[in-house]
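Okay, so here's the structure we're looking at.
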Amino acid sequence: MFQNLTERLESAFKQIKGEGRITELNIAATVKDIRRALVDADVNYKIAKEFTDKIKDEAMGQKVITAVSPGQLMVKIVKDELVALMGGSESELQSKGNPAVILIAGLQGSGKTTFSAKLANYLKTKKGLSPLLVAADIYRPAAIDQLKVLGEQIGVDVYSEPENKNAVQIAENAVKEARSKNKNVIIIDTAGRLAVDEQMMTEVANVKSAVKPNEILFVVDSMTGQDAVNTAKAFNDRLDFTGVVLTKLDGDTRGGAALSIKYTVEKPIKFVSSGEKMDTLDVFYPERMAQRILG
Ligand code: GDP
């Protein structure tokens with residue numbers, strides 16, 4: 001994951017690590033390399049610039065501290081700023097309710113259905129909850145089948161109404177179903193499109209108004225880099241979602257989405273998904289991610 005970024009950052013630190021003293025000159029050189037590495041990882045230029053300006057100010061401010069080596073000091077400053085950029089501490093999922101409602105939104109192919117099932121599995125096995133998966137994609141019958149197959153794999157019931165073309169009704173009925181079957185959390189997998197589309201947004205917004213979700217999670221393919229960030233902005237403007245899920249982190253992803261989304265939409269990344277298997281879901285910890293990026 002983010003292998004290229006990690007290598008580039010390592011090389012950015014190389015020179016300053018060999019120096020005995022931290023100076024304006026070696027700070028400037030390191031910061032410039034870091035900025036280039038971020039931009040090449042598909043971080044938006046404005047974000048990369050603001051990020052490295054902060055690093056520079058921090059480093060200049062701490063220049064007089066001689067207890068640590070310049071290299072250690074720079075790595076520490078960059079790590080702290082990476083953590084801050086990705087949201088600081090982890091953000092817990094709100095999953096209490098009768099039932100708690102979690103709405104899943106995103107473009108087609110982003111990994112919504114796979115994530116919905118992984119989340120159900122996580123809530124069942126790690127949180128001891130009794131989830132109900134809801135297939136509310138009224139356009140693709142195959143999406144219902146896909147969710148059913150996954151539901152079966154993880155032993156979670158799937159609610160669907162194949163003949164009903166009203167996603168709001170399906171969601172409302174699913175809430176009733178959950179209550180009658182003692183399910184304490186429902187995960188609604190909505191329809192996606194290939195691009196941001198007014199009809200899709202209206203539909204998800206209507207489901208939101210009808211079932212008042214505890215969480216609206218926006219699912220995005222991390223391989224799409226800056227596009228992921230633009231899509232996040234479009235969904236957030238319309239849905240005011242509560243959190244982000246980054247998928248396909250097992251792929252050849254450069255890191256831009258992970259580093260820019262929180263900054264752009266001011267919403268936390270809550271989960272990262274890294275595979276097609278049901279247990280490849282992790283809570284997002286900015287601290288751990290920063291550590292991984294730094295290698
Ligand atoms: P949806 O259209 O948003 O519901 O997306 P799907 O859940 O159907 O996922 C689209 C494709 O991406 C499928 O082939 C999934 O198996 C695959 N996929 C989903 N999440 C991941 C992931 O984290 N890693 C990888 N490698 N593939 C994924």
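First listed ligand is number 1; within each ligand, the first listed atom is number 1.
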among protein heavy atoms, the one nearest atom 10 (C) of ligand 1 is Gly109 O, 3.7 Å
Would Thr114 count as being in polar contact with ligand 1, using the rule that some N or O on each side must be under 3.5 angstrom apart? yes
Nearest option to atom 11 (C) of ligand 1, as decided by whichever heavy atom of Glu276, Lys277, Lys248 sits closest: Lys248
Please determine if Gly111 has a nitrogen or oxygen closer than 3.5 Å to a nitrogen or oxygen of ligand 1. yes
According to side-chain contact (heavy atoms from CB on, under 4.5 Å), who are the partners of Asp53, at least two apart in sequence or on a separate chain? Arg35, Lys49
Do ligand 1 and Ser273 have nitrogen or oxygen atoms that lie under 3.5 Å from each other? yes
Please list, in number order, the atoms of ligand 1 under 4.0 Å from a heavy atom of Gln146. 6 (P), 7 (O), 8 (O)
Run the salt-bridge test on Lys183 and Asp157 with the 4.0 Å N-O cut-off and return the result as yes or no. yes
Is ligand 1 under 4.0 Å from a heavy atom in the side chain of Ser274, in the backbone, in both, or in neither? backbone
For atom 21 (C) of ligand 1, what is the nearest protein heavy atom, given as residue, atom name and distance? Gly275 O, 3.6 Å
Under a 3.5 Å distance rule, please check whether Thr253 uses its side chain to pair with a backbone N or O of Ser222 as donor and acceptor. yes
Regarding Glu7 and Ser11, do their side chains bring together a donor and an acceptor under 3.5 Å, going by distance alone? no
Is there a donor-acceptor pair closer than 3.5 Å between any side-chain N or O of Asn214 and the backbone N or O of Val101? yes
Any protein heavy atom sitting closer than 4.0 Å to atom 13 (C) of ligand 1? no
I want to check a possible cation-pi pair here: Lys267 against Phe218, using under 6.0 Å from ring centre and within 45° of the ring axis as the test. no
So which residues get pulled into Val156's cluster when ILVMFWY side chains under 4.5 Å apart are joined, directly or through others? Leu93, Ile102, Ile104, Phe115, Leu119, Tyr122, Leu123, Leu129, Leu133, Leu147, Leu150, Ile154, Val158, Val185, Ile187, Leu217, Val219, Val245, Phe271, Met278, Leu281, Val283, Tyr285
Evaluate whether atom CZ of Arg292 has more than 12 neighbouring non-hydrogen atoms of other residues, nucleotides or ligands under 6.0 angstrom away. no
Relative to the heavy atoms of Asp250, which atoms of ligand 1 are at a distance of less than 4.0 Å? 22 (C), 23 (O), 24 (N), 25 (C), 26 (N)
Looking only at non-hydrogen atoms, find the nearest pair between Gln94 and Glu215 and report the distance. N-OE2, 2.7 Å
Does the residue Ser110 have a heavy-atom contact with ligand 1, meaning some pair of atoms that are separated by less than 4.0 Å? yes
Taking only non-hydrogen atoms of Leu107 and a 4.0 Å limit, the atoms of ligand 1 in range are 3 (O)
Closer than 4.0 Å to some heavy atom of Thr113 - which atoms of ligand 1 meet that? 1 (P), 4 (O), 7 (O)
Distance under 4.0 Å to a non-hydrogen atom of Lys112: what atoms of ligand 1 satisfy this? 1 (P), 3 (O), 4 (O), 5 (O), 7 (O)
Could you pull out the closest heavy-atom pair between Ala143 and Thr113, with the gap in Å? O-CG2, 4.4 Å
Residue portion contacting ligand 1 (non-hydrogen atoms closer than 4.0 Å) for Thr280: neither
